[in-house]
Amino acid sequence: MSGLTTTGLTKSFGGVRAVDDASVEFLDGRINALIGPNGSGKTTFFNCVTGMIRPDAGTARLRGADITGLAPHRIARAGIGRSFQLCRVFPRMTVLENLLVAVRPRSPLGALKRSAQPADVAKARDLLTRVGIEHLEHVEGRDLSYGQQKLLELAGVLMADPDTILLDEPAGGVNPALIDRIGALVRELNAEGRTFLVVEHNMDMVMSLSDHVVVFDRGRPIAQGTPAEVRDDPRVLEAYLGV
Ligand SMILES: Nc1ncnc2c1ncn2[C@@H]1O[C@H](COP(=O)(O)OP(=O)(O)OP(=O)(O)O)[C@@H](O)[C@H]1O
Ligand SMILES: [Mg+2]
């Protein structure tokens with residue numbers, strides 16, 4: 001079944017068509033990858049389907065429901081969660097506080113500390129255990145390694161219980177041991193029913209993790225299929241290698 005689909009999605013910045021007439025389909029309940037060379041429009045695509053940027057044209061649907069141009073919080077309520085290519089962890093908040101602001105992003109920190117709901121705190125602790133950084137609960141964001149920040153950001157995404165999770169380069173800049181842990185977590189969470197859409201340059205991770213791969217080149221989808229299908233597609237080799 002199709003999960004997130006777009007038809008003719010387009011977004012230009014000045015003269016650059018960052019996403020150019022993109023009609024793509026991601027499979028519901030599966031691990032999908034979105035790959036392509038640097039600057040091919042992957043992050044802009046994520047920004048369009050999560051409401052951070054309003055597309056110039058085209059539509060985005062989640063299991064048939066039109067989500068085009070909705071505000072980010074409404075798209076989040078529809079069940080889509082996302083992480084950012086450049087991690088968004090608050091440096092002067094503890095790990096636990098970072099998770100609590102994920103549920104109440106508009107509360108000032110003082111209010112948050114006074115009014116944190118026991119259920120939210122319990123959920124945050126469960127998720128820290130889940131991603132393997134429960135021992136860092138009281139450590140400030142700025143003292144985490146980059147890989148630990150990525151795990152914290154994933155826990156933050158999970159606080160809202162999204163059924164569809166968009167990850168923008170989860171393995172970027174992360175050491176190999178943590179890459180394996182992130183891959184294993186994505187598999188586990190998928191086995192529990194969550195759909196993933198992962199932008200990633202680490203081809204070993206993409207090929208071993210995903211059921212379905214969409215390839216962008218200069219804002220346009222040039223191939224969609226299983227990892228083996230896209231790997232052997234001459235258009236994909238051309239986009240990456242210029243051969
Ligand atoms: N806010 C912006 N203003 C102007 N141009 C932008 C903006 N965001 C993206 N672009 C341009 O749009 C194109 C697509 O960028 P995007 O960040 O979506 O690519 P990407 O596939 O995520 O690349 P990478 O793999 O390097 O993260 C690039 O040419 C980029 O310079
Ligand atoms: Mg990007």
Side-chain angles (χ1 to χ4, degrees), residues 4-26 31-60 67-72 75 80-89 146-147 149-154 156-157 162 164-175 178-179 182-183 186 196-210 212-225 227 230-231 233 235-243:
L4 183 66
T5 58
T6 63
T7 312
L9 203 71
T10 300
K11 174 67 196 176
S12 298
F13 295 109
V16 178
R17 280 188 168 234
V19 175
D20 187 5
D21 196 21
S23 298
V24 292
E25 181 176 353
F26 296 100
I31 301 173
N32 301 272
L34 173 58
I35 64 170
N38 290 118
S40 58
K42 305 177 299 293
T43 296
T44 305
F45 179 88
F46 269 16
N47 287 338
C48 287
V49 299
T50 54
M52 314 280 301
I53 287 180
R54 183 182 280 273
D56 301 328
T59 55
I67 56 166
T68 322
L70 295 183
I75 292 182
I80 296 182
R82 77 168 292 183
S83 73
F84 291 87
Q85 184 168 352
L86 300 171
C87 233
R88 293 198 174 176
V89 165
Y146 193 64
Q149 291 184 37
K150 290 270 193 191
L151 291 168
L152 174 57
E153 204 192 8
L154 178 57
V157 172
T164 301
I165 299 176
L166 279 49
L167 302 179
D168 199 348
E169 300 196 21
V174 175
N175 73 55
L178 280 189
I179 290 178
I182 291 169
V186 168
F196 279 86
L197 181 37
V198 181
V199 164
E200 188 45 66
H201 287 290
N202 180 324
M203 281 306 129
D204 290 341
M205 188 183 196
V206 167
M207 293 297 160
S208 65
L209 203 58
S210 37
H212 183 74
V213 183
V214 172
V215 187
F216 267 26
D217 185 31
R218 284 165 283 181
R220 284 177 166 266
I222 55 164
Q224 310 191 37
V230 301
R231 195 180 43 214
D233 190 316
R235 285 166 299 186
V236 177
L237 292 173
E238 190 185 324
Y240 273 96
L241 306 172
V243 292

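Counting starts at 1 for both ligands and their atoms, in listed order.
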Any side-chain heavy atom of [X] sitting closer than 4.5 Å to one from [Y]?
X	Y	value
Val24	Gln224	yes
Ser83	Leu154	no
Thr50	Pro72	no

With a 3.5 Å distance limit and no angle check, can you tell me whether [X] reaches the backbone of [Y] through a side-chain donor-acceptor pair?
X	Y	result
Thr10	Gly8	yes
Lys42	Phe216	no
Lys11	Gly219	no
Glu153	Phe84	yes
Thr6	Ala60	no

Does Gly39 reach ligand 1 with a nitrogen or oxygen that is under 3.5 Å from one of the ligand's nitrogen or oxygen atoms?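 Such a contact does occur with ligand 1.
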Identify which one of Leu4, Val157, Ile165 satisfies the side chain to side chain contact (heavy atoms under 4.5 Å, CB included) criterion when paired with Ile80.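 It is Leu4, the one option of Leu4, Val157, Ile165 that forms the side chain to side chain contact (heavy atoms under 4.5 Å, CB included) with Ile80.
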Which atoms of ligand 1 have any heavy atom of [X] under 4.0 Å away?
X	answer
Ala18	12 (O), 13 (C), 14 (C)
His201	25 (O)
Val16	29 (O)
Glu169	25 (O), 27 (O)

Give the residue and atom name of whichever protein heavy atom lies nearest to [atom], and the separation in Å to one decimal.
atom	answer
atom 18 (O) of ligand 1	Thr44 OG1, 2.6 Å
atom 17 (O) of ligand 1	Thr43 CB, 3.9 Å
atom 25 (O) of ligand 1	Lys42 NZ, 2.7 Å
atom 11 (C) of ligand 1	Phe13 CD1, 4.0 Å
atom 19 (O) of ligand 1	Gly41 N, 3.2 Å
atom 27 (O) of ligand 1	Gln85 NE2, 2.8 Å

Have a look at ligand 1 and work out which part of Asn38, if any, has a heavy atom under 4.0 Å from it: side chain, backbone, both or neither.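 Both of them.
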Can a protein heavy atom be found under 4.0 Å away from atom 30 (C) of ligand 1?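 When distances to the protein are checked, atom 30 (C) of ligand 1 has no heavy atom within 4.0 Å.
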Should Gly36 be listed as contacting ligand 1, given a heavy-atom distance under 4.0 Å as the test?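 The answer is no, since Gly36 has no heavy atom less than 4.0 Å from ligand 1.
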Answer yes or no for Thr43: is there an N/O/S atom below the 2.8 Å cut-off from the Mg ion (ligand 2)?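 An N, O or S atom of Thr43 is closer than 2.8 Å to the Mg ion (ligand 2), so yes.
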Distance from Asn47 atom CG to Arg54 atom CZ, nearest 0.5 Å?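 The distance works out to 14.0 Å.
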